[in-house]
Amino acid sequence: MASKSVLTPQAEDFPRWYQDVVAKAEMADNGPVRGTMVIRPYGYAIWERMQAEMDARIKEAGAQNAYFPLFIPESYFHREAEHVEGFSPELAVVTHAGGAQLAEPIVVRPTSETVIGEFMAKWIQSYRDLPLLLNQWSNVVRWELRPRLFLRSSEFLWQEGHTAHATYDDAAAYAKRIHLEVYNDFLVNVLAAPTYLGIKPPSERFAGAINTMTAEGIMRDGKALQMATSHELGQNFARAFDVYYQSEAGQAELCFTTSWGASTRLVGGLIMLHGDDNGLVVPPRLAPIQVVVLAVRDEPDVNEACEKVATALKAAGVRVAVDHGRGSFGRRITDWEIKGVPLRVEVGPRDLAEGRVTIVRRDDAQKSAVALDAVAAIAPGLLESVQAAMFESARRRLEESTHDVTTIHEALDVAQTGFARLAWSAVGDEGEALLRTEAVTVRCLLRPDGSIPVSDTEAGLHCIVAKSY
RNA sequence: CGGGCUGUAGCGCAGCUUGGUAGCGCGCUGCGUUCGGGACGCAGAGGUCCCGGGUUCAAAUCCCGGCAGCCCGACCA
């Protein structure tokens, strides 16, 4: 009867806890090839919810979905010097196909700036064709040296947006719009993930970008995770792929491009941001299953009441699952807790005799007795309050884990367990080098009021320094 | 690519020192009893002991050579 913990406690061994959650919540398995990942139905359902929420916001921002090939000619990568230098070490390259060696090796895309640049050049003729706003949902391959499920797999799923604009200002404004209206809106309102929004220092920029925006979240072990990123590519890729347009004045002008992405890494972020010693905790607006209706006993009366509650919840727009399977009640509770379903409705003969059921919140384990007929009316509001409480508690953790310091050495100290915030001018190249000796990096630069700078050369910038995934 | 470690049932491991019938826990199958916080009994299924070679009457065990994986660093959505 007595339950010992199913998962390794976070405080004992955080990485082990993470692996336990991924396995026991049936989210993913390691694939047969090193670093690859099999995403199981529950993990994929969560990703599909992320996709749906982000896709709607991307379309709202005016971008259209398209699809470009997995295979890219190797020569494309050599057209942008920084890009090839940055990505070469992690490319998977096809040298043989159809039983023969290929004349030119084919790269399995690590990202698609190059191939999309090639086609932008074809499609853009006039200023009337701009801006061109594209997005694709795809898989990409990066041969990482130390893979971890969801956080850093050799192959991962993501969306990558690619846009072309007539002016620098228009490109910069669009990249920022995506960062705020797609990513931050999703992170705050769906994932309940507070982050620091800022720009990367030059050393951490995307290979080929002139400016990279990031959203840096804090995980429960105090490490940072980049949750999404938006790049201003300037004219670098446009120049490499001849993306010109004819202006109103009839002149040939080079476009300005952007790219931006969010990946299945967010699933790993979800686990480490909200998860506790009992498993995953999924924010209600994200959850593929928002409420599980649980029969205490597998008996006709109880099952009938479960179906009734579930039907009412569905009618109220709630995503619901019913569990009147066999097996002990305790075991089934534990399983649903590990999966992080926000609300559990327990239906048992004892409560039922009084016309009641018990509702249990996943986030704080609070139980309340509710009239059978009132569940559907109460649940939506309760889900919203769980959502709000989860964001608030994550926001407080972020705030309490961030410490203002003045020197690099203090920053190093703080970064062992959390985030250090200090003047960017106090860091410099030597400071960054020193931080690196302890696996600490500058996560982002931001203005004192927390807003996103235009460039790293702005005066008076702060920076966030931490260990990261 | 440097340093440390490990390959035995689906998963986690013992057995190896001292060679001799392949084991334990969890999981899985069947039946029964259970079910308000990981239930229990009984009966079962499941193995190229990472691969190749050597020593030996006999190798999971000893020797040689491969291969794979994990952890720590450099890289990274």
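Letters A, B, ... are given to chains in the order of the sequence lines, protein chains preceding strands, and every chain is numbered from 1.
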So what does A/Q226 touch, heavy atoms closer than 4.0 Å: a base, only the sugar-phosphate, or nothing?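 Sugar-phosphate, backbone atoms only, no base.
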What interatomic distance, in whole Å, is found between [atom1] of [M] and the corresponding atom of [N]?
N: B/rG30; M: B/rG37; atom1: C1'; value: 28 Å
N: B/rG4; M: B/rA39; atom1: P; value: 45 Å
N: B/rU56; M: B/rC63; atom1: C1'; value: 12 Å
N: B/rC50; M: B/rG7; atom1: C1'; value: 6 Å

Going through the distances and angles, do A/R142 and A/E144 end up as a salt bridge (charged side-chain N to carboxylate O under 4.0 Å, His left out)? CA-CA 6 Å; A/R142 298 182 185 180; A/E144 301 292 354; 5.5 Å; no
Which heavy atom of A/L7 sits nearest to which heavy atom of A/N278, and what is that distance?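 In terms of heavy atoms, the two residues are closest at CD1-C, 3.6 Å.
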Taking any strand in view, what nucleotide pairs with [N] in a Watson-Crick or G-U wobble way, both distances under 3.5 Å?
N: B/rU29; result: B/rA43
N: B/rC76; result: none
N: B/rG52; result: B/rC64
N: B/rA58; result: none
N: B/rC5; result: B/rG69

Options [options], nucleotide nearest the side-chain atoms of [X]:
X: A/V360; options: B/rA77, B/rG37, B/rC35; answer: B/rG37
X: A/E346; options: B/rG27, B/rC76, B/rG36; answer: B/rG36
X: A/I333; options: B/rG37, B/rA74, B/rA77; answer: B/rG37
X: A/R152; options: B/rC76, B/rG37, B/rA39; answer: B/rC76
X: A/R344; options: B/rG37, B/rC76, B/rA74; answer: B/rG37
X: A/R436; options: B/rG36, B/rC75, B/rA77; answer: B/rC75
X: A/T229; options: B/rG36, B/rA77, B/rA74; answer: B/rA77
X: A/T334; options: B/rA77, B/rG37, B/rG36; answer: B/rG37
X: A/E144; options: B/rA77, B/rG36, B/rA74; answer: B/rA77

Reckon A/R297 has a side-chain N or O less than 4.0 Å from the OP1 or OP2 of B/rC35?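 Answer is yes, contact under 4.0 Å.
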Taking 4.0 Å as the cut-off, does a side-chain nitrogen or oxygen of A/S328 come that near to OP1 or OP2 on B/rA39?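 The answer is yes; a side-chain N or O of A/S328 sits under 4.0 Å from OP1 or OP2.
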With a 4.0 Å cut-off on N to O distance, would you call A/K59 and A/D55 a salt bridge?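 Yes, A/K59 and A/D55 are salt-bridged.
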Within this structure, what is the OH-CD1 distance for the pair A/Y76 and A/I72, rounded to the nearest 0.5 Å?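 Separation between the atoms: 9.0 Å.
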Closer to the 5' end of RNA chain B via nearest nucleotide, is it A/P89 or A/R350?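 Upstream on the strand: A/R350.
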Which residue lies toward the 5' end of RNA chain B, A/G261 or A/P349, if each is placed at its nearest nucleotide?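 It is A/P349 whose nearest nucleotide is closer to the 5' end.
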Starting from the C-alpha separation in whole Å, work towards a yes-or-no answer on side chain to side chain contact (heavy atoms under 4.5 Å, CB included) for A/F77 and A/H83. CA-CA 7 Å; A/F77 283 84; A/H83 194 61; 3.9 Å; yes
Does A/R332 get its side chain close enough to the base of B/rG36, under 3.5 Å, for a donor-acceptor pair?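 Side chain to base: no pair below 3.5 Å.
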